[in-house]
Amino acid sequence: DQQVKQNSPSLSVQEGRISILNCDYTNSMFDYFLWYKKYPAEGPTFLISISSIKDKNEDGRFTVFLNKSAKHLSLHIVPSQPGDSAVYFCAASAFQGAQKLVFGQGTRLTINP
Amino acid sequence: EAQVTQNPRYLITVTGKKLTVTCSQNMNHEYMSWYRQDPGLGLRQIYYSMNVEVTDKGDVPEGYKVSRKEKRNFPLILESPSPNQTSLYFCASEPSGNTGELFFGEGSRLTVL
């Protein structure tokens, strides 16, 4: 039972364009959402988060949007850069904490020059 | 440098031979956890620890043990490894404050023959 789903295993985007990574969840108790980025041979690193009381959070080129009614969140990267090529995981928890953080399957983003 | 250190990074072993993957963090974090990453399944939590001598099961604890005798260390023990425990393992820690923002180690790739 995958409570957090990233239905696109991979995504390819031209450098300079917008990258949009999607994530769906099923548990209506989730109220805190995060995105992590992972390079090969490294551990994931925290990228950006959003609380369920918000519908948008920005940090530089990265923006996360939350649609609670659709149980959907997305990560926008604008403009995309070659260094953004990585695997992106979305994660969710039922309270703001890592104790029961549930991760999606990941989406491999490739930025083409 | 703030970091989470895992050892070994790579290990090939045989079924039934007990092994321990060590994890140490130098950030004085109270919370630590173990995840495994498998293709198509993302990151799944094995065990977590809220503080010294406090551990709890995650989503996939079968076949694993942990201990938290000191704040900085959180070893993962496979008493009798089986081939289905072949995976990429990540240790993580979180600063107090329940941000959900985990600091991950670089990963330990384990192969059980």
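We name chains A, B, ... by the order of the sequence lines, and we start the count at 1 in each one.
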Practice item. Go through the atoms of B:R44 and report whether side chain, backbone, both or neither lie under 4.5 Å from a heavy atom of chain A. Key: neither
Practice item. Give, as side chain, backbone, both or neither, the part of B:Q37 having an atom under 4.5 angstrom from any heavy atom of chain A. Key: side chain
Check your understanding: Going from CD on A:Q3 to CZ on A:F103, what distance comes out if it is rounded to the nearest 0.5 angstrom?
Key -> 13.5 Å
Point to revise | ring-ring contact (aromatic ring centres under 6.0 Å, His included) between B:Y48 and B:F74, intermediate numbers included | key: CA-CA 9 Å; B:Y48 65 94; B:F74 190 44; 8.9 Å; no
Review point. What part of A:Q2 lies closer than 4.5 angstrom to a heavy atom of chain B: side chain, backbone, both or neither?
Key: side chain
**Study point:** Toward chain B, the part of A:P44 with a non-hydrogen atom under 4.5 Å
**Key:** both
Check your understanding: Below 6.0 angstrom between ring centroids: does that apply to A:F62 and A:H76?
Key -> no
Check your understanding: Charged N to carboxylate O below 4.0 Å: is that the case for A:D55 and A:K68?
Key -> no
